[in-house]
Chemist: 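Quick one: structure below, then a few questions.
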Amino acid sequence: MTMTENGTAGGVSFGLNDEQRELRALAREFAEKEIRPHAAAFDEKQAHATDIIARAHEVGLMNVHLPRSVGGPELPCFEGILVAEELNWGCSGIGTSICVNGLAARPILVAGDEEQRKRWLLPLVDAPILGCFGLTEPGAGSDVSGIQTTAVRRGGDYVVNGSKMFISNAGHASWMVCFASTDPGKGSRGLSAFVIPMDAAGITVERHLDKMGQRSTDTSAVAFDNVVVAAVDRLGEEGDGFEIAMQALDFTRPSIAVGAVGVAQAAFELSVEYARERTQFGHPIAMNQGVSFIIADMATEIEAARLLCWQAAWMNDQGRGRKATKYSSFAKLFSADMAMKVTTDAVQVFGGYGYMKEYPVEKLMRDAKLFQIYEGTSQIQRIVIAKEINRE
Ligand code: COS
(Lines give C-alpha, C1' and ligand atoms only; values in the text may rest on other atoms or scores of the structure.)
Protein backbone atom coordinates (compact mmCIF):
# COMPACT_ATOMS: atom_id res chain seq x y z
CA MET A 1 0.00 0.00 0.00
CA THR A 2 1.42 3.42 -0.89
CA MET A 3 0.72 6.64 0.96
CA THR A 4 -0.34 9.68 -1.05
CA GLU A 5 0.93 13.20 -0.35
CA ASN A 6 -1.86 14.09 2.08
CA GLY A 7 -1.23 10.96 4.09
CA THR A 8 -4.07 8.86 2.72
CA ALA A 9 -3.65 5.20 1.98
CA GLY A 10 -5.49 3.62 -0.91
CA GLY A 11 -7.67 6.76 -1.26
CA VAL A 12 -9.13 6.56 2.24
CA SER A 13 -8.57 9.28 4.80
CA PHE A 14 -9.86 9.53 8.33
CA GLY A 15 -8.28 12.94 8.82
CA LEU A 16 -10.05 16.28 8.63
CA ASN A 17 -8.80 19.15 6.50
CA ASP A 18 -8.05 22.58 8.02
CA GLU A 19 -11.50 24.03 7.29
CA GLN A 20 -13.23 20.99 8.80
CA ARG A 21 -11.07 21.18 11.91
CA GLU A 22 -11.83 24.88 12.28
CA LEU A 23 -15.56 24.30 11.86
CA ARG A 24 -15.53 21.55 14.47
CA ALA A 25 -13.51 23.73 16.86
CA LEU A 26 -15.99 26.59 16.38
CA ALA A 27 -18.89 24.27 17.18
CA ARG A 28 -17.11 22.81 20.23
CA GLU A 29 -16.31 26.29 21.55
CA PHE A 30 -19.91 27.38 21.04
CA ALA A 31 -21.19 24.26 22.80
CA GLU A 32 -18.77 24.76 25.68
CA LYS A 33 -19.47 28.45 26.23
CA GLU A 34 -23.03 28.99 25.07
CA ILE A 35 -24.81 25.66 25.54
CA ARG A 36 -23.27 23.56 28.34
CA PRO A 37 -23.51 26.15 31.11
CA HIS A 38 -27.28 26.45 30.52
CA ALA A 39 -28.11 22.81 29.72
CA ALA A 40 -29.29 21.74 33.18
CA ALA A 41 -31.48 24.81 33.73
CA PHE A 42 -33.15 24.54 30.32
CA ASP A 43 -33.73 20.83 30.95
CA GLU A 44 -35.25 21.48 34.35
CA LYS A 45 -37.57 24.22 33.08
CA GLN A 46 -38.25 22.48 29.78
CA ALA A 47 -37.52 25.86 28.18
CA HIS A 48 -37.03 26.65 24.50
CA ALA A 49 -33.55 28.14 24.02
CA THR A 50 -34.55 31.13 21.87
CA ASP A 51 -31.43 33.20 22.58
CA ILE A 52 -28.97 30.32 22.17
CA ILE A 53 -30.59 29.39 18.85
CA ALA A 54 -30.25 33.03 17.74
CA ARG A 55 -26.54 33.01 18.73
CA ALA A 56 -25.97 29.74 16.84
CA HIS A 57 -27.54 31.40 13.82
CA GLU A 58 -25.36 34.47 14.24
CA VAL A 59 -22.10 32.50 14.30
CA GLY A 60 -23.10 30.33 11.32
CA LEU A 61 -23.83 27.02 13.04
CA MET A 62 -27.41 26.78 11.79
CA ASN A 63 -28.78 25.98 8.33
CA VAL A 64 -25.34 24.87 7.20
CA HIS A 65 -26.66 22.92 4.21
CA LEU A 66 -28.70 25.72 2.64
CA PRO A 67 -27.57 26.23 -0.96
CA ARG A 68 -25.70 29.27 -2.21
CA SER A 69 -28.70 30.10 -4.45
CA VAL A 70 -30.57 31.20 -1.30
CA GLY A 71 -27.50 32.67 0.40
CA GLY A 72 -26.51 29.61 2.45
CA PRO A 73 -23.02 28.11 2.86
CA GLU A 74 -24.04 24.87 1.08
CA LEU A 75 -21.87 22.70 3.32
CA PRO A 76 -21.94 18.96 2.61
CA CYS A 77 -23.62 16.41 4.88
CA PHE A 78 -20.18 15.58 6.33
CA GLU A 79 -19.48 19.12 7.57
CA GLY A 80 -23.00 19.22 9.02
CA ILE A 81 -22.36 16.18 11.19
CA LEU A 82 -19.13 17.67 12.53
CA VAL A 83 -21.22 20.58 13.82
CA ALA A 84 -24.09 18.39 15.03
CA GLU A 85 -21.83 16.18 17.17
CA GLU A 86 -20.47 19.17 19.08
CA LEU A 87 -23.84 20.90 19.57
CA ASN A 88 -25.28 17.68 20.97
CA TRP A 89 -22.20 17.24 23.14
CA GLY A 90 -23.21 20.57 24.67
CA CYS A 91 -26.85 19.49 25.17
CA SER A 92 -28.92 17.33 22.85
CA GLY A 93 -32.12 19.16 23.77
CA ILE A 94 -30.71 22.51 22.68
CA GLY A 95 -28.65 20.86 19.91
CA THR A 96 -31.75 19.25 18.44
CA SER A 97 -33.66 22.54 18.39
CA ILE A 98 -30.75 24.13 16.50
CA CYS A 99 -30.51 21.21 14.04
CA VAL A 100 -34.24 20.68 13.29
CA ASN A 101 -34.13 23.25 10.49
CA GLY A 102 -31.92 20.79 8.62
CA LEU A 103 -34.76 18.27 8.58
CA ALA A 104 -37.45 20.88 7.90
CA ALA A 105 -35.57 22.35 4.94
CA ARG A 106 -34.54 19.04 3.40
CA PRO A 107 -37.89 18.21 1.63
CA ILE A 108 -37.76 21.67 0.03
CA LEU A 109 -34.22 20.93 -1.16
CA VAL A 110 -35.26 17.47 -2.37
CA ALA A 111 -38.38 18.50 -4.27
CA GLY A 112 -38.90 22.28 -4.17
CA ASP A 113 -38.52 24.45 -7.26
CA GLU A 114 -36.45 27.66 -7.29
CA GLU A 115 -39.47 29.78 -6.38
CA GLN A 116 -40.30 27.58 -3.36
CA ARG A 117 -36.67 27.47 -2.22
CA LYS A 118 -36.49 31.26 -2.32
CA ARG A 119 -39.80 31.73 -0.56
CA TRP A 120 -39.22 29.35 2.35
CA LEU A 121 -35.45 29.02 2.70
CA LEU A 122 -34.07 32.47 1.92
CA PRO A 123 -35.60 34.02 5.08
CA LEU A 124 -33.78 31.39 7.19
CA VAL A 125 -30.46 32.89 6.16
CA ASP A 126 -31.29 36.37 7.44
CA ALA A 127 -32.97 35.52 10.73
CA PRO A 128 -33.17 32.63 13.22
CA ILE A 129 -36.50 31.49 11.83
CA LEU A 130 -37.53 27.90 12.52
CA GLY A 131 -39.27 25.39 10.32
CA CYS A 132 -40.59 21.98 11.35
CA PHE A 133 -41.17 18.57 9.77
CA GLY A 134 -44.71 17.25 10.05
CA LEU A 135 -44.65 13.53 9.32
CA THR A 136 -45.63 11.72 12.51
CA GLU A 137 -49.27 11.48 13.59
CA PRO A 138 -50.98 10.08 16.69
CA GLY A 139 -51.75 6.88 14.76
CA ALA A 140 -48.87 6.87 12.24
CA GLY A 141 -45.31 6.98 13.52
CA SER A 142 -43.25 4.12 12.14
CA ASP A 143 -45.84 3.36 9.44
CA VAL A 144 -45.67 6.47 7.29
CA SER A 145 -48.10 5.00 4.75
CA GLY A 146 -50.77 5.09 7.49
CA ILE A 147 -50.91 8.91 7.56
CA GLN A 148 -54.51 10.05 8.10
CA THR A 149 -54.14 13.80 7.54
CA THR A 150 -55.85 14.63 4.26
CA ALA A 151 -55.34 17.35 1.68
CA VAL A 152 -58.37 17.67 -0.59
CA ARG A 153 -58.04 19.66 -3.80
CA ARG A 154 -60.43 22.63 -4.11
CA GLY A 155 -59.72 24.70 -7.24
CA GLY A 156 -56.28 26.27 -6.88
CA ASP A 157 -56.03 25.24 -3.23
CA TYR A 158 -56.00 22.21 -0.95
CA VAL A 159 -57.94 21.90 2.30
CA VAL A 160 -55.95 20.12 5.01
CA ASN A 161 -57.51 18.30 7.97
CA GLY A 162 -55.90 16.08 10.57
CA SER A 163 -53.27 16.14 13.30
CA LYS A 164 -49.55 15.76 13.77
CA MET A 165 -47.75 14.45 16.83
CA PHE A 166 -44.29 14.80 18.44
CA ILE A 167 -43.28 17.62 16.09
CA SER A 168 -39.96 19.16 17.13
CA ASN A 169 -39.92 22.98 17.30
CA ALA A 170 -43.58 23.17 16.14
CA GLY A 171 -44.52 25.62 18.87
CA HIS A 172 -41.86 28.08 17.69
CA ALA A 173 -41.82 27.42 13.95
CA SER A 174 -42.87 29.78 11.15
CA TRP A 175 -43.79 26.96 8.78
CA MET A 176 -44.16 23.21 8.59
CA VAL A 177 -43.50 20.75 5.80
CA CYS A 178 -46.67 18.74 6.25
CA PHE A 179 -47.18 15.28 4.76
CA ALA A 180 -50.81 14.56 3.97
CA SER A 181 -52.78 12.10 1.91
CA THR A 182 -54.14 13.44 -1.38
CA ASP A 183 -55.36 9.98 -2.35
CA PRO A 184 -56.20 7.88 0.74
CA GLY A 185 -56.79 4.71 -1.32
CA LYS A 186 -53.16 4.63 -2.44
CA GLY A 187 -51.29 4.41 0.89
CA SER A 188 -47.68 5.58 0.57
CA ARG A 189 -48.21 6.39 -3.11
CA GLY A 190 -51.05 8.76 -2.17
CA LEU A 191 -48.99 11.04 0.08
CA SER A 192 -48.04 14.60 -0.85
CA ALA A 193 -45.89 17.24 0.85
CA PHE A 194 -46.91 20.86 1.46
CA VAL A 195 -45.22 23.84 3.07
CA ILE A 196 -47.73 25.50 5.36
CA PRO A 197 -47.24 28.70 7.39
CA MET A 198 -47.87 27.95 11.06
CA ASP A 199 -50.04 31.07 11.38
CA ALA A 200 -52.49 29.83 8.70
CA ALA A 201 -56.12 29.91 9.84
CA GLY A 202 -57.16 26.55 11.31
CA ILE A 203 -53.74 25.48 12.68
CA THR A 204 -53.49 25.00 16.43
CA VAL A 205 -50.41 23.97 18.37
CA GLU A 206 -52.39 21.86 20.79
CA ARG A 207 -49.86 20.70 23.36
CA HIS A 208 -46.24 21.27 24.28
CA LEU A 209 -45.44 17.73 25.38
CA ASP A 210 -43.70 16.92 28.66
CA LYS A 211 -40.74 14.68 27.85
CA MET A 212 -38.32 12.42 29.74
CA GLY A 213 -35.22 13.78 28.01
CA GLN A 214 -34.12 16.39 25.48
CA ARG A 215 -36.55 18.53 27.40
CA SER A 216 -35.39 21.84 25.98
CA THR A 217 -36.51 20.89 22.49
CA ASP A 218 -40.11 21.91 22.07
CA THR A 219 -42.09 18.82 21.01
CA SER A 220 -45.70 19.60 20.18
CA ALA A 221 -48.96 18.23 18.87
CA VAL A 222 -50.51 20.21 16.02
CA ALA A 223 -54.09 20.15 14.70
CA PHE A 224 -55.28 21.15 11.21
CA ASP A 225 -58.89 22.18 10.87
CA ASN A 226 -59.86 23.08 7.30
CA VAL A 227 -56.51 24.74 6.65
CA VAL A 228 -56.40 26.22 3.14
CA VAL A 229 -53.06 25.69 1.37
CA ALA A 230 -52.27 27.08 -2.08
CA ALA A 231 -51.43 24.43 -4.67
CA VAL A 232 -48.15 26.29 -5.38
CA ASP A 233 -47.04 25.27 -1.89
CA ARG A 234 -47.10 21.58 -2.76
CA LEU A 235 -43.61 20.11 -3.13
CA GLY A 236 -43.22 17.98 -6.25
CA GLU A 237 -46.22 16.17 -7.68
CA GLU A 238 -49.18 14.63 -5.91
CA GLY A 239 -48.06 11.21 -4.66
CA ASP A 240 -44.38 12.21 -4.27
CA GLY A 241 -44.70 12.73 -0.51
CA PHE A 242 -43.46 9.34 0.72
CA GLU A 243 -40.33 9.41 -1.39
CA ILE A 244 -39.62 13.02 -0.44
CA ALA A 245 -39.86 12.08 3.25
CA MET A 246 -37.60 9.05 2.82
CA GLN A 247 -34.99 11.00 0.88
CA ALA A 248 -35.03 13.72 3.52
CA LEU A 249 -34.49 11.15 6.28
CA ASP A 250 -31.64 9.52 4.35
CA PHE A 251 -29.77 12.82 4.58
CA THR A 252 -30.68 13.75 8.15
CA ARG A 253 -30.27 10.39 9.90
CA PRO A 254 -26.44 10.69 9.98
CA SER A 255 -26.90 14.00 11.77
CA ILE A 256 -29.22 12.46 14.36
CA ALA A 257 -26.85 9.50 14.68
CA VAL A 258 -23.89 11.75 15.34
CA GLY A 259 -25.96 13.63 17.92
CA ALA A 260 -26.06 10.36 19.85
CA VAL A 261 -22.26 10.16 19.48
CA GLY A 262 -22.00 13.68 20.96
CA VAL A 263 -24.07 12.68 23.98
CA ALA A 264 -22.04 9.49 24.46
CA GLN A 265 -18.79 11.44 24.12
CA ALA A 266 -19.95 13.81 26.86
CA ALA A 267 -20.82 10.84 29.12
CA PHE A 268 -17.45 9.25 28.40
CA GLU A 269 -15.45 12.39 29.22
CA LEU A 270 -17.33 12.89 32.47
CA SER A 271 -16.83 9.23 33.40
CA VAL A 272 -13.07 9.35 32.82
CA GLU A 273 -12.78 12.52 34.90
CA TYR A 274 -14.89 11.09 37.72
CA ALA A 275 -13.16 7.70 37.75
CA ARG A 276 -9.80 9.45 38.18
CA GLU A 277 -11.07 11.59 41.06
CA ARG A 278 -13.26 9.18 42.97
CA THR A 279 -11.30 7.20 45.51
CA GLN A 280 -12.50 3.91 47.01
CA PHE A 281 -10.44 1.23 48.78
CA GLY A 282 -7.56 3.72 48.84
CA HIS A 283 -7.19 4.35 45.10
CA PRO A 284 -9.04 6.03 42.22
CA ILE A 285 -11.80 3.77 40.90
CA ALA A 286 -10.24 4.15 37.40
CA MET A 287 -7.58 1.73 38.62
CA ASN A 288 -10.19 -0.99 39.15
CA GLN A 289 -10.35 -3.28 36.17
CA GLY A 290 -14.14 -3.41 36.47
CA VAL A 291 -14.35 0.34 35.88
CA SER A 292 -11.49 0.64 33.40
CA PHE A 293 -13.05 -2.02 31.16
CA ILE A 294 -16.34 -0.11 31.11
CA ILE A 295 -14.43 2.99 30.04
CA ALA A 296 -12.43 1.10 27.41
CA ASP A 297 -15.67 -0.26 25.91
CA MET A 298 -17.20 3.22 25.90
CA ALA A 299 -14.23 4.66 23.98
CA THR A 300 -14.21 1.82 21.45
CA GLU A 301 -17.94 1.92 20.76
CA ILE A 302 -18.04 5.71 20.44
CA GLU A 303 -15.23 5.56 17.89
CA ALA A 304 -17.00 2.84 15.90
CA ALA A 305 -20.26 4.81 15.88
CA ARG A 306 -18.53 8.02 14.81
CA LEU A 307 -16.89 6.23 11.89
CA LEU A 308 -20.27 4.86 10.75
CA CYS A 309 -21.70 8.38 10.90
CA TRP A 310 -18.82 9.75 8.89
CA GLN A 311 -19.26 7.02 6.30
CA ALA A 312 -23.03 7.58 6.06
CA ALA A 313 -22.51 11.32 5.57
CA TRP A 314 -19.83 10.61 2.97
CA MET A 315 -22.24 8.28 1.14
CA ASN A 316 -24.82 11.06 1.03
CA ASP A 317 -22.22 13.54 -0.24
CA GLN A 318 -21.15 11.10 -2.94
CA GLY A 319 -24.76 10.91 -4.14
CA ARG A 320 -24.91 7.17 -3.50
CA GLY A 321 -28.76 7.16 -3.44
CA ARG A 322 -30.18 4.01 -1.89
CA LYS A 323 -26.70 2.88 -0.74
CA ALA A 324 -26.73 5.97 1.48
CA THR A 325 -30.15 4.87 2.79
CA LYS A 326 -28.62 1.72 4.22
CA TYR A 327 -25.54 3.43 5.65
CA SER A 328 -27.64 6.18 7.23
CA SER A 329 -29.66 3.50 8.98
CA PHE A 330 -26.49 1.63 10.02
CA ALA A 331 -25.27 4.85 11.63
CA LYS A 332 -28.58 5.74 13.27
CA LEU A 333 -29.15 2.23 14.66
CA PHE A 334 -25.66 1.67 15.97
CA SER A 335 -25.11 5.16 17.39
CA ALA A 336 -28.47 5.37 19.16
CA ASP A 337 -28.10 1.97 20.80
CA MET A 338 -24.46 2.75 21.64
CA ALA A 339 -25.39 6.07 23.28
CA MET A 340 -28.03 4.36 25.43
CA LYS A 341 -25.46 1.82 26.60
CA VAL A 342 -22.65 4.33 27.14
CA THR A 343 -24.80 6.78 29.10
CA THR A 344 -26.23 3.95 31.23
CA ASP A 345 -22.66 2.83 31.94
CA ALA A 346 -21.71 6.41 32.81
CA VAL A 347 -24.40 6.40 35.50
CA GLN A 348 -22.89 3.12 36.71
CA VAL A 349 -19.39 4.61 36.92
CA PHE A 350 -20.78 7.50 38.99
CA GLY A 351 -22.66 5.00 41.20
CA GLY A 352 -25.19 6.55 43.59
CA TYR A 353 -24.12 10.05 42.56
CA GLY A 354 -24.82 9.20 38.93
CA TYR A 355 -28.46 8.59 39.76
CA MET A 356 -28.80 12.04 41.34
CA LYS A 357 -29.97 15.08 39.41
CA GLU A 358 -27.13 17.03 40.97
CA TYR A 359 -24.69 15.23 38.64
CA PRO A 360 -24.85 15.56 34.84
CA VAL A 361 -24.93 11.93 33.71
CA GLU A 362 -28.56 11.11 34.57
CA LYS A 363 -29.64 13.81 32.10
CA LEU A 364 -27.43 12.28 29.41
CA MET A 365 -29.05 8.89 29.99
CA ARG A 366 -32.54 10.42 29.67
CA ASP A 367 -31.47 12.36 26.59
CA ALA A 368 -29.91 9.30 24.94
CA LYS A 369 -33.18 7.35 24.99
CA LEU A 370 -34.79 9.60 22.40
CA PHE A 371 -32.15 8.75 19.79
CA GLN A 372 -33.55 5.19 19.74
CA ILE A 373 -36.99 6.59 18.95
CA TYR A 374 -37.08 9.75 16.82
CA GLU A 375 -36.35 9.85 13.06
CA GLY A 376 -37.18 6.16 13.01
CA THR A 377 -36.87 3.78 15.96
CA SER A 378 -33.97 1.33 16.19
CA GLN A 379 -36.39 -1.36 15.03
CA ILE A 380 -37.35 0.70 11.95
CA GLN A 381 -33.65 1.15 11.12
CA ARG A 382 -33.31 -2.64 11.12
CA ILE A 383 -36.32 -2.87 8.77
CA VAL A 384 -34.75 -0.30 6.43
CA ILE A 385 -31.40 -2.13 6.47
CA ALA A 386 -33.04 -5.52 5.81
CA LYS A 387 -35.15 -4.07 2.97
CA GLU A 388 -32.12 -2.46 1.36
CA ILE A 389 -30.11 -5.70 1.62
CA ASN A 390 -32.96 -7.55 -0.08
CA ARG A 391 -33.08 -4.98 -2.89
CA GLU A 392 -29.37 -5.44 -3.68
N1 COS B 1 -35.59 6.72 -1.12
C2 COS B 1 -36.37 6.62 -2.21
N3 COS B 1 -37.43 5.79 -2.28
C4 COS B 1 -37.68 5.01 -1.22
C5 COS B 1 -36.88 5.04 -0.05
C6 COS B 1 -35.80 5.94 -0.04
N7 COS B 1 -34.98 6.05 1.02
N8 COS B 1 -37.36 4.16 0.83
C9 COS B 1 -38.42 3.56 0.25
N10 COS B 1 -38.61 4.08 -0.99
C11 COS B 1 -39.61 3.68 -1.96
C12 COS B 1 -39.59 2.15 -2.11
O13 COS B 1 -38.63 1.75 -3.10
C14 COS B 1 -40.99 1.83 -2.55
O15 COS B 1 -41.12 2.12 -3.93
P16 COS B 1 -41.71 0.99 -4.92
O17 COS B 1 -43.10 0.76 -4.43
O18 COS B 1 -41.60 1.63 -6.25
O19 COS B 1 -40.81 -0.20 -4.72
C20 COS B 1 -41.82 2.86 -1.80
O21 COS B 1 -40.92 3.94 -1.46
C22 COS B 1 -42.42 2.27 -0.53
O23 COS B 1 -41.36 1.76 0.25
P24 COS B 1 -41.56 0.56 1.29
O25 COS B 1 -42.29 -0.55 0.60
O26 COS B 1 -40.23 0.24 1.87
O27 COS B 1 -42.51 1.25 2.36
P28 COS B 1 -43.13 0.73 3.73
O29 COS B 1 -44.47 1.30 3.85
O30 COS B 1 -42.95 -0.75 3.84
O31 COS B 1 -42.27 1.45 4.89
C32 COS B 1 -40.47 2.26 6.20
C33 COS B 1 -41.00 1.75 4.85
C34 COS B 1 -40.91 1.45 7.40
C35 COS B 1 -38.98 2.12 6.06
C36 COS B 1 -40.87 3.73 6.35
O37 COS B 1 -42.25 3.84 6.57
C38 COS B 1 -40.10 4.46 7.44
O39 COS B 1 -38.95 4.88 7.24
N40 COS B 1 -40.75 4.66 8.61
C41 COS B 1 -40.16 5.41 9.71
C42 COS B 1 -40.45 6.84 9.56
C43 COS B 1 -39.76 7.66 10.55
O44 COS B 1 -38.55 7.76 10.57
N45 COS B 1 -40.56 8.31 11.41
C46 COS B 1 -40.04 9.19 12.39
C47 COS B 1 -40.61 10.55 12.18
S48 COS B 1 -39.59 11.62 11.35
S49 COS B 1 -38.92 12.73 12.81
Side-chain angles (χ1 to χ4, degrees), residues 4 6-17 19-21 23-24 27 63-67 72-88 99-111 133 135 144 242-262 264-265 301-339 371-372 374-392:
T4 58
N6 62 1
T8 61
V12 176
S13 167
F14 297 103
L16 300 178
N17 65 33
E19 289 84 29
Q20 289 166 335
R21 270 198 296 274
L23 181 67
R24 185 161 74 167
N63 306 316
V64 294
H65 304 304
L66 287 186
E74 203 167 329
L75 294 182
C77 188
F78 188 82
E79 273 71 2
I81 70 164
L82 295 178
V83 172
E85 179 179 339
E86 301 307 332
L87 298 179
N88 282 274
C99 294
V100 163
N101 267 13
L103 176 61
R106 186 54 34 192
I108 303 172
L109 294 171
V110 166
F133 183 81
L135 188 68
V144 174
F242 186 86
E243 218 168 300
I244 294 171
M246 293 303 124
Q247 284 185 29
L249 293 168
D250 286 347
F251 189 89
T252 57
R253 279 179 182 151
S255 167
I256 292 293
V258 91
V261 174
Q265 178 70 31
E301 287 160 17
I302 290 168
E303 207 60 46
R306 184 179 291 117
L307 287 176
L308 270 181
C309 293
W310 283 21
Q311 192 179 9
W314 181 84
M315 285 274 184
N316 272 284
D317 290 335
Q318 296 286 312
R320 293 292 170 99
R322 293 296 282 268
K323 265 240 177 304
T325 306
K326 187 174 73 176
Y327 279 79
S328 292
S329 286
F330 282 163
K332 169 73 167 60
L333 167 63
F334 189 83
S335 304
D337 287 358
M338 176 281 297
F371 289 102
Q372 292 180 307
Y374 66 179
E375 286 209 26
T377 62
S378 291
Q379 289 66 32
I380 285 295
Q381 304 312 323
R382 288 181 172 90
I383 291 177
V384 173
I385 293 164
K387 274 177 184 271
E388 294 305 319
I389 289 170
N390 286 333
R391 275 169 42 90
E392 285 166 3

Chemist: Could you tell me the separation between the CZ atom of Arg21 and the CG atom of Leu16, rounded to the nearest 0.5 Å?
Modeler: 6.5 Å
Chemist: Would a distance-only check, ignoring hydrogens and angles, find a side-chain to backbone donor-acceptor pair under 3.5 Å from His65 to Glu74?
Modeler: no
Chemist: Please find the pair of heavy atoms, one from Ala248 and one from Phe133, that lie closest to each other, and give the distance.
Modeler: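 In this case the closest contact between Ala248 and Phe133 is CB-CE1, 4.3 Å.
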Chemist: Among side-chain atoms of Glu375 and Thr252, is any donor-acceptor pair under 3.5 angstrom?
Modeler: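 Thr252 and Glu375 do have a side-chain donor-acceptor pair below 3.5 Å.
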Chemist: Minimum heavy-atom separation for Gly15 and Ser13, please, with both atom names.
Modeler: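 What the structure gives for the nearest pair is N-OG, 3.1 Å.
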Chemist: Just wondering, do Ile302 and Arg306 contact through their side chains at under 4.5 Å, heavy atoms?
Modeler: yes
Chemist: Looking only at heavy atoms, which two atoms of Leu308 and Phe334 are closest? And how far apart?
Modeler: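 It is CD1-CB, 3.6 Å.
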Chemist: Please give me the minimum heavy-atom distance between Val261 and Ala305, naming the atom from each residue.
Modeler: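 That closest heavy-atom pairing would be CG2-CB, 3.8 Å.
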Chemist: Which distance, rounded to the nearest 0.5 Å, do you find between the CD of Gln265 and the CD of Glu303?
Modeler: 8.0 Å
Chemist: Atom NZ of Lys323 and atom CE of Met315: how far apart are they, to the nearest 0.5 Å?
Modeler: 6.5 Å
Chemist: Regarding Arg106 and Gln247, do their side chains bring together a donor and an acceptor under 3.5 Å, going by distance alone?
Modeler: no
Chemist: Please determine whether side chain to side chain contact (heavy atoms under 4.5 Å, CB included) holds for the pair Val258 and Ser335, giving the CA-CA distance in whole Å, both sets of side-chain angles, and the decisive distance to 0.1 Å.
Modeler: CA-CA 7 Å; Val258 91; Ser335 304; over 6 Å; no
Chemist: Is there a donor in the side chain of Glu79 and an acceptor in the side chain of Gln20, or the other way round, less than 3.5 Å apart?
Modeler: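 Yes.
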Chemist: Go through the steps to decide whether Ile389 and Lys326 satisfy the test side chain to side chain contact (heavy atoms under 4.5 Å, CB included), and finish with yes or no.
Modeler: CA-CA 8 Å; Ile389 289 170; Lys326 187 174 73 176; 4.1 Å; yes
Chemist: State which residues pass ring pair (Phe, Tyr, Trp, His ring centres under 6.0 Å) with Tyr374; sequence neighbours excluded, sorted by chain then number.
Modeler: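 Phe371.
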Chemist: What's the verdict on side chain to side chain contact (heavy atoms under 4.5 Å, CB included) for Ile385 and Tyr327, showing C-alpha distance, side-chain angles and the deciding distance?
Modeler: CA-CA 8 Å; Ile385 293 164; Tyr327 279 79; over 6 Å; no
Chemist: For the backbone of Ala260 and the side chain of Asn88, can you confirm whether one donor and one acceptor N or O come within less than 3.5 Å of each other?
Modeler: no
Chemist: Would the distance check show the side chain of Asn316 and the main-chain N or O of Cys77 forming a donor-acceptor pair, the cut-off being under 3.5 Å?
Modeler: no
Chemist: If you take all heavy atoms of Leu307 and Phe14, which pair is closest and at what distance?
Modeler: CD2-CD2, 3.7 Å
Chemist: Hey, what do you get for CD (Glu85) to OG (Ser255), rounding to the nearest 0.5 Å?
Modeler: 11.0 Å
Chemist: Do you see a donor-acceptor pair shorter than 3.5 Å between the side chains of Asp337 and Ser378?
Modeler: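 A donor-acceptor contact under 3.5 Å links the two side chains.
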Chemist: Taking 4.0 angstrom as the limit, do Glu392 and Arg322 come out as a salt bridge?
Modeler: no
Chemist: Walk me through it: do Ile81 and Trp310 pass the test side chain to side chain contact (heavy atoms under 4.5 Å, CB included)?
Modeler: CA-CA 8 Å; Ile81 70 164; Trp310 283 21; 3.6 Å; yes
Chemist: Looking only at atom types and distance, does a side-chain atom of Arg253 sit under 3.5 Å from a main-chain N or O of Ser329, one as donor and one as acceptor?
Modeler: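 Here the side-chain-to-backbone pair does not exist.
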Chemist: Side chains of Leu66 and Leu75, heavy atoms from C-beta outward: is any pair under 4.5 Å?
Modeler: no
Chemist: Starting at CG of Asp250, measure out to OG1 of Thr325 and round the result to the nearest 0.5 Å.
Modeler: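 That separation rounds to 3.5 Å.
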Chemist: Hey, does Ser328 have a side-chain heavy atom less than 4.5 Å from the side chain of Leu249?
Modeler: no
Chemist: Can you tell me how far the CG atom of Leu333 sits from the CZ atom of Arg382, to the nearest 0.5 Å?
Modeler: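 Nearest 0.5 Å value for the CG-CZ distance: 4.5 Å.
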